[in-house]
Amino acid sequence: MPNSHRLKPISECTCKVTKGDIELEKVTPPTGANMVKTIWIGDVQSGKYDDQEVELKGWVKRARGNNNIRFVVLRDSTGTIQCVVKKDTIGEELFAEVKNVLIETSVIIHGKVNADERADGGHELVASSFEIIGAVNPEKPFPITESAMAAADGGETEFLLDNRHLYLRTSRMTTMLQIRSSVFGAIHSYFRDLDFVEYQAPNFVAGAVEGGSTLFEVPYFGRTAYLTQSWQLYAEAAMPALERLYTIAPSFRAEKSRTRRHLTEFWHAEMEVAWASNQEIMTHGEGVVRRVASTLLDERSSELEGLGRDLDLVARYADNPYPRMRYDEAVETLQAMNVDIEWGQDLDYSKEKILTQDFDVPHFLTHYPKIAKPFYHRVDPDDDNYVLCHDLLAPEGYGEIIGGGERTWSEEEILARLKEEGTPTEAYQFYIDTRSYGGVPHGGFGLGVDRVCAWLTGADHIREVIPFPRDSRRVTP
RNA sequence: GCCGAUUUAGCUUAGCUGGUGGAGCGUGGGACUGUUAAUCCCAAGGUCGAGGGUUCGAACCCCUCAAUCGGCGCCA
């Protein structure tokens with residue numbers, strides 16, 4: 001599969017170091033080691049080097065052939081190409097080496113680029129030299145075989161999870177990581193385009209954002225600290241300084257959930273805005289998700305197609321507005337469908353799933369009952385049974401991808417809400433204190449980046465979109 | 001925490017009502033002048049997750065344990 005991205009040659013990446021008008025130093029590519037790579041397989045497959053002599057550096061993906069001609073499929077980060085090695089051209093000694101080359105051997109191959117329909121991708125390299133750089137231990141050949149991949153059928157087996165460090169090299173995982181990078185980039189550019197400031201919160205914290213049972217305890221010089229579940233409380237402290245802020249950072253939750261939607265360490269894109277209403281926050285949520293979808297169409301359409309993803313679906317998510325529905329309407333809808341639910345219950349995954357069946361784009365659920373949500377959600381001034389919050393539910397059964405809303409911002413209200421819940425206030429003292437000095441209405445949301453990746457790629461499991469997934473039973477490799 | 005499953009070669013698996021564990025991939029050797037997950041021939045590789053029990057006999061039946069997978073609750 002050709003890659004829609006090319007790597008720039010290093011000469012285009014270097015920058016000039018200047019002081020005033022005087023150019024102090026021109027950074028040049030390192031030379032001498034003969035390890036500078038200037039030509040990428042993706043470019044060769046695009047026809048840029050037809051009939052030219054080139055040097056390709058990469059890894060052997062597969063090899064086949066006979067005693068006189070070998071076909072070595074070479075892989076790099078931009079694609080694959082067939083290299084034709086003939087005994088006549090290259091000599092018996094080298095040919096014997098090529099014949100014995102094992103999968104994932106790293107090599108440098110010189111040769112002439114030949115446009116040939118017999119080769120996958122339309123181009124091949126007719127080799128004039130073949131140099132092994134890093135050999136593969138024949139006692140321990142590359143363990144990921146075709147049968148392992150076929151068995152995984154695009155997903156994962158325990159074996160592939162155990163060999164994740166090697167599985168990353170396969171075309172499917174490479175594609176996932178490239179798409180993931182574009183998702184992160186799209187989120188950054190959405191917020192930066194709107195003058196949000198990227199802001200970092202600590203990962204060691206003293207208190208919980210959600211319920212206390214989902215915290216990871218960490219020994220901390222004789223005390224107990226916790227890994228953060230969310231950037232939010234620390235973002236709210238900086239809200240009066242920055243007014244619009246965001247982050248993409250890991251969050252940690254010690255949930256024993258074993259589902260296709262959960263990780264114990266996940267990447268959390270969070271934002272906080274001063275002077276903002278629930279409606280405005282939702283507009284940003286919709287905006288960032290649609291930006292991610294449109295960026296993937298721009299940057300990664302061939303990769304998505306390579307994964308078998310229907311681009312029309314992704315385009316639908318990029319181009320259409322996301323409907324908003326109150327919790328009460330959702331409950332009524334479910335009750336009309338004879339689903340067993342009572343007012344005041346949080347909507348669990350099975351109920352979300354039933355709701356999302358009726359939508360072909362993501363949709364928001366707003367105004368949950370106060371009793372279903374924690375203290376930091378702002379009570380609706382129009383009806384104190386509800387809070388001004390929202391969840392964004394992805395279609396196709398992928399579930400919640402955003403949770404957010406307005407925050408309880410007056411000191412009086414937040415103390416009342418904490419008392420009502422019976423939540424101890426010690427760990428939140430700094431948070432409460434911020435309310436004593438010019439509190440303003442504000443809000444924000446958290447977006448599960450991995451969940452968005454899983455949904456937009458159509459992955460069967462959230463593990464497929466993160467390089468080294470962490471769940472309740474796996475911290476290795 | 002709860003419910004349901006799985007565990008046979010490096011990997012993926014077949015193995016019927018209990019009667020000497022087969023194959024594909026990978027690896028090693030051989031054949032083949034253009035292959036497309038190349039093909040063909042040969043070979044090595046297994047205390048059937050661990051322990052105990054029933055039985056003349058256990059991969060298969062029973063018990064205990066372990067590891068793993070899927071789902072629920074909760075969440076992103």
Side-chain angles (χ1 to χ4, degrees), chain A residues 61-73 80 82-88 99-100 102-104 114 116-121 124 126 136-153 155-163 166-167 171 209-214 229-232 248-270 285 345-352 372-374 391-394 398-404 445-455 460-463 471-474:
Chain A
K61 186 183 171 68
R62 185 158 299 284
R64 52 181 171 259
N66 55 44
N67 276 329
N68 295 290
I69 184 168
R70 305 293 300 178
F71 301 94
V72 175
V73 179
T80 61
Q82 169 169 293
C83 301
V84 185
V85 185
K86 291 175 179 164
K87 186 156 70 178
D88 293 350
K99 204 178 163 190
N100 291 326
L102 292 171
I103 290 170
E104 286 305 310
N114 184 27
D116 193 319
E117 284 187 3
R118 289 175 295 184
D120 194 19
E124 63 184 15
V126 183
V136 169
N137 181 354
E139 303 282 311
K140 212 176 60 169
F142 194 67
I144 298 179
T145 60
E146 287 298 332
S147 59
M149 293 294 291
D153 192 25
E156 274 112 348
T157 61
E158 189 189 337
F159 172 77
L160 293 178
L161 288 164
D162 286 340
N163 287 281
L166 302 177
Y167 184 51
S171 61
V209 178
E210 313 291 343
S213 61
T214 63
Q229 295 173 298
S230 168
W231 162 96
Q232 180 194 326
I248 306 179
S251 284
F252 306 89
R253 303 214 176 150
E255 293 158 347
K256 284 187 179 168
S257 308
R258 300 196 48 73
T259 77
R260 66 189 67 229
R261 311 179 302 287
H262 285 86
L263 294 166
T264 52
E265 176 180 352
F266 67 97
W267 285 79
H268 209 175
E270 297 183 84
Q345 263 184 288
D346 212 344
L347 299 177
D348 61 41
Y349 178 64
S350 63
K351 301 187 179 67
E352 282 179 5
K373 294 286 177 183
D391 285 351
L392 181 64
L393 308 182
Y398 283 91
E400 186 178 341
I401 51 175
I402 282 181
F445 67 71
L447 173 148
V449 183
D450 316 280
R451 283 187 180 177
V452 168
C453 291
W455 161 53
D460 289 334
H461 200 293
I462 195 166
R463 279 195 306 237
D471 64 32
S472 60
R473 298 187 200 178
R474 181 176 288 277

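Here is the naming used below: chain letters follow the sequence lines, and residue numbers restart at 1 for every chain.
Both geometric conditions, a ring-centre gap below 5.5 Å and a plane tilt below 30°, are fulfilled for A:Phe266 over the base of B:A76.
Between the C1' atoms of B:C74 and B:U6, the separation comes to 26 Å (whole Å). Rounded to whole Å, the separation between the C1' atoms of B:G15 and B:G51 comes to 24 Å. Nucleotides B:U7 and B:C48 are separated by 14 Å at their P atoms, to the nearest Å. A gap of 24 Å separates the C1' atoms of B:G26 and B:G34, to the nearest Å.
Across the protein-nucleic acid pair, A:Lys256 atom NZ and B:U68 atom C1' stand 16 Å apart, rounded to whole Å. As a whole-Å value, the separation of A:Leu102 CG from B:C25 C1' is 15 Å. The nearest whole Å value for the distance from the NE2 atom in A:His262 to the C1' atom in B:C75 is 5 Å.
A:Arg118 and A:Asp116 are joined by a salt bridge, as a carboxylate oxygen and a charged side-chain nitrogen come within less than 4.0 angstrom of each other.
Residue contacts shown for A:Ile402 are limited to sugar-phosphate atoms, with no base heavy atom under 4.0 Å away. In this structure, A:Lys140 reaches neither bases nor backbone, as no heavy-atom distance under 4.0 Å exists between it and the strands shown. At a threshold of 4.0 angstrom between heavy atoms, the contacts of A:Arg62 are confined to the sugar-phosphate backbone, with no base atom among them. If you check every strand for non-hydrogen atoms under 4.0 Å, A:Ile69 touches a base. Among the atoms of the strands shown, base atoms are found under 4.0 Å from some heavy atom of A:Glu124.
Nucleotide B:G18 forms a pair with no other nucleotide shown, judged by Watson-Crick or G-U wobble geometry with both contacts under 3.5 Å. Pair assignment for B:A37: none, as no Watson-Crick or G-U wobble contacts are both less than 3.5 Å.
Contact check, A:Arg261 against B:A76: no side-chain N or O comes under 4.0 Å of OP1 or OP2. Between A:His461 and B:G70 there is a side-chain polar atom (N or O) within less than 4.0 angstrom of OP1 or OP2. The phosphate of B:U68 has neither OP1 nor OP2 within less than 4.0 Å of any side-chain N or O from A:Arg474. Applying the 4.0 Å criterion to OP1 and OP2 of B:U35, one finds that A:Asn66 has every side-chain N and O outside that range.
Side-chain N/O atoms of A:Arg258 and base N/O atoms of B:C3 include no donor-acceptor pair closer than 3.5 Å.
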